[in-house]
Q: 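The structure is given below, and queries will be raised subsequently.
Residues take their numbers from the sequence shown, with the count starting at 1. If you're wondering where the values come from, they're calculated on a predicted model, not measured in any experiment.
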Amino acid sequence: MTLPPRSTTDRGRVTLQQLQTVTPSASYCSHSPTHIIVFYYYSQLACSSSTLYNSSTSSACRRAAAAENRKVQVSRSAIMTQNPTLPSLLLFDFQNATDLNNWTEQSDTVRSAGRSKATFDLYKTQTKQSAILFTLLNPLPNGACFSGVRTSTQLNLDGYEYISFVCKTSGNATTYKIILRHNNLNEEPNPTFEQKFKVNTDSETTVKIPISQFDPYYRGKIIIDGPTLNVKNITNFGIQVAGGVYENFKQSGLSSFVVDQIWAEPYGNAN
């Protein structure tokens, strides 16, 4: 469909012949909100001219434009229904979990020199249920150690901006990691995708981790020019505390990490 050009001198000067060239058929209107909007725009433009139409013609034009405006509003609603804003996505609900059997320990004892430990259990009180991660970091002389848990997943985080949760921690550790893997490349020598976050010791911390900022690592060392995380196919999710062998901080000793839920927040979420 060809539209007459619009400029600053067009207002009120579109002719009835021009208007007819952009008037879609009824069947075309029902499937094309864009063309409905185009028709409504030129209808309004034509009706604004008092020199081209007599009063009866203008009245008919306004009625037609009003009818098309109603179609536009319906069509806009249909577009929004087809492309709604994503809701928050609950990834892990420990408040209602029956067990944590699908989570496994991933600590430095997978290597012969390792001597750290992690356990992940349901933590029940009289009022609520959470998950609690106990960690013991027992570093080597160079500071190397890590302790945590992980689980297999099948997550599509496309369209989501943050991984979010509220945690309560105690003990020595002040820096934790979320560790992701993708495309079922869940074991070495494939890289992990990691992001650190700080916690407030002995109090709650609200954590929002930007999904776009996960970097590739291999055995705790960042991979320069490494692969990019495939957010559409997250196949492993882990929580870990590390000694900081390649970092400017060092950690050791006992810590605990309590969390109720972990969720993903979509882009544009104001919360």
Q: Donor-acceptor pair, distance only, cut-off 3.5 Å: does the side chain of R181 make one with the backbone of N186?
A: yes
Q: Would you say that Q106 contacts S147 through its side chain, given a criterion of any heavy-atom pair below 4.5 Å between the two side chains?
A: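 No. Closest side-chain heavy atoms not under 4.5 Å.
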Q: For L180 versus I163, what's the shortest heavy-atom pair and its separation?
A: CD1-CD1, 4.3 Å
Q: Does E161 pair with K208 as a salt bridge, N-O distance under 4.0 Å?
A: no
Q: Among D158, N183, T235, N156, whose side-chain hydrogen bond (donor to acceptor under 3.5 Å, both in side chains) with N230 holds?
A: N183
Q: Would you say that more than 12 heavy atoms from the other residues, nucleotides or ligands in this model lie under 6.0 Å from the NZ of K250, or not?
A: yes
Q: Measure the acute angle between the ring planes of F94 and F120, then classify it against the limits of 30° and 60° as parallel, tilted or perpendicular.
A: perpendicular
Q: What closest approach, in Å, do A118 and T135 show between heavy atoms, and which atom pair accounts for it?
A: CB-CG2, 4.2 Å
Q: Using side-chain heavy atoms (C-beta onward) and a distance below 4.5 Å, is Q240 in contact with K196?
A: no
Q: Between NE2 of H182 and OG1 of T228, what distance do you get to the nearest 0.5 Å?
A: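 With rounding to 0.5 Å, NE2 (H182) is 9.0 Å from OG1 (T228).
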Q: Are V245 and K221 close enough that some pair of their side-chain heavy atoms sits under 4.5 Å apart?
A: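 Contact flag for V245/K221 side chains = no.
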Q: I'd like to know if the side chain of Q251 reaches the main chain of A242, judged simply by a donor and an acceptor atom lying under 3.5 Å from each other, with no hydrogens or angles considered.
A: yes
Q: Can I get a per-line list of side-chain donor-acceptor pairs under 3.5 Å for residues 253-262, giving both atom names and the distance, sequence neighbours left out?
A:
unit_1 : atom_1 : unit_2 : atom_2 : d
S255   : OG     : N172   : N      : 3.2
S255   : OG     : A173   : N      : 2.8
S256   : OG     : S170   : OG     : 2.6
D260   : OD1    : K128   : NZ     : 3.3
D260   : OD1    : S130   : OG     : 2.4
D260   : OD2    : K128   : NZ     : 2.5
Q261   : NE2    : D93    : OD1    : 3.1
Q261   : NE2    : Q95    : OE1    : 3.4

Q: Taking T151 for the side chain and N102 for the main chain, is one N or O donor matched with an acceptor at less than 3.5 Å?
A: yes
Q: Do L133 and I239 have side-chain heavy atoms sitting under 4.5 Å apart?
A: yes
Q: If a pair satisfies ring-ring contact (aromatic ring centres under 6.0 Å, His included) and one of its residues is in residues 146-174, list it, with sequence neighbours excluded.
A: F165-F197
Q: How close do R115 and L140 get, counting heavy atoms only, and between which atoms?
A: NH2-CA, 3.8 Å
Q: I need the N190 CG to N236 CG distance, nearest 0.5 Å.
A: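 Going from CG on N190 over to CG on N236, the span is 11.0 Å.
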Q: Start with the C-alpha gap between S116 and N138, add the side-chain angles, then the distance that decides, and say whether side-chain hydrogen bond (donor to acceptor under 3.5 Å, both in side chains) holds.
A: CA-CA 5 Å; S116 299; N138 193 356; over 6 Å; no
Q: When you look at K117 and E105, which way does the salt bridge (charged side-chain N to carboxylate O under 4.0 Å, His left out) test go after all the steps?
A: CA-CA 8 Å; K117 181 65 180 175; E105 183 183 2; 3.0 Å; yes
Q: Do V149 and I209 land in one hydrophobic cluster if side-chain heavy atoms of ILVMFWY residues count as linked below 4.5 Å?
A: yes
Q: When clusters are formed by joining ILVMFWY residues with side-chain heavy atoms under 4.5 Å apart, either directly or through shared neighbours, do F193 and I222 land in the same one?
A: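 No, separate clusters.
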Q: Quick one: do V207 and I234 end up in the same hydrophobic cluster if we chain Ile, Leu, Val, Met, Phe, Trp and Tyr together by side-chain heavy atoms under 4.5 Å apart?
A: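 Yes: a chain of side-chain contacts under 4.5 Å links V207 to I234.
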Q: Where do I179 and F237 land on the side-chain contact (heavy atoms from CB on, under 4.5 Å) test, with the steps shown first?
A: CA-CA 6 Å; I179 299 180; F237 188 105; over 6 Å; no
Q: Is it true that R219 and E188 have a side-chain N and a carboxylate O under 4.0 angstrom from each other?
A: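 Yes.
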Q: Assess the residue pair K177 and E194 against the criterion (salt bridge (charged side-chain N to carboxylate O under 4.0 Å, His left out)); give the C-alpha distance rounded to whole Å, side-chain angles, the decisive distance to 0.1 Å, and a yes or no.
A: CA-CA 7 Å; K177 297 179 183 181; E194 305 183 7; 3.0 Å; yes
Q: If we check side chain to side chain contact (heavy atoms under 4.5 Å, CB included) with P266, which of these qualifies: L86, L157, L89?
A: L86
Q: How close do L122 and Q129 get, heavy atom to heavy atom, and via which atoms?
A: CD2-NE2, 3.8 Å
Q: Do F134 and I132 come close enough that some side-chain heavy atom pair is under 4.5 Å?
A: yes
Q: Any chance you could measure F214, atom CZ, to L229, atom CG, to the nearest 0.5 Å?
A: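 Answer for the CZ-CG pair, F214 versus L229, is 7.0 Å.
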Q: Could you measure the distance from the CG atom of D121 to the CG atom of D99? Nearest 0.5 Å is fine.
A: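 So the gap between those two atoms works out to 11.0 Å.
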Q: Which heavy atom of V199 sits nearest to which heavy atom of C167, and what is that distance?
A: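 The pair with the smallest heavy-atom distance is CG1-SG, 4.0 Å.
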Q: So N142 and Y246, do their side chains get closer than 4.5 Å, heavy atoms only?
A: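 Result no, sub-4.5 Å side-chain heavy-atom pair not found.
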Q: Under a 4.5 Å side-chain heavy-atom rule over Ile, Leu, Val, Met, Phe, Trp and Tyr, are L100 and I178 clustered together?
A: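 In one cluster: yes.
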Q: Any chain of hydrophobic side-chain contacts (each under 4.5 Å) joining I211 to L91?
A: yes
Q: Could you go step by step and tell me if S164 and E265 meet the side-chain hydrogen bond (donor to acceptor under 3.5 Å, both in side chains) rule?
A: CA-CA 7 Å; S164 301; E265 293 184 26; 2.8 Å; yes
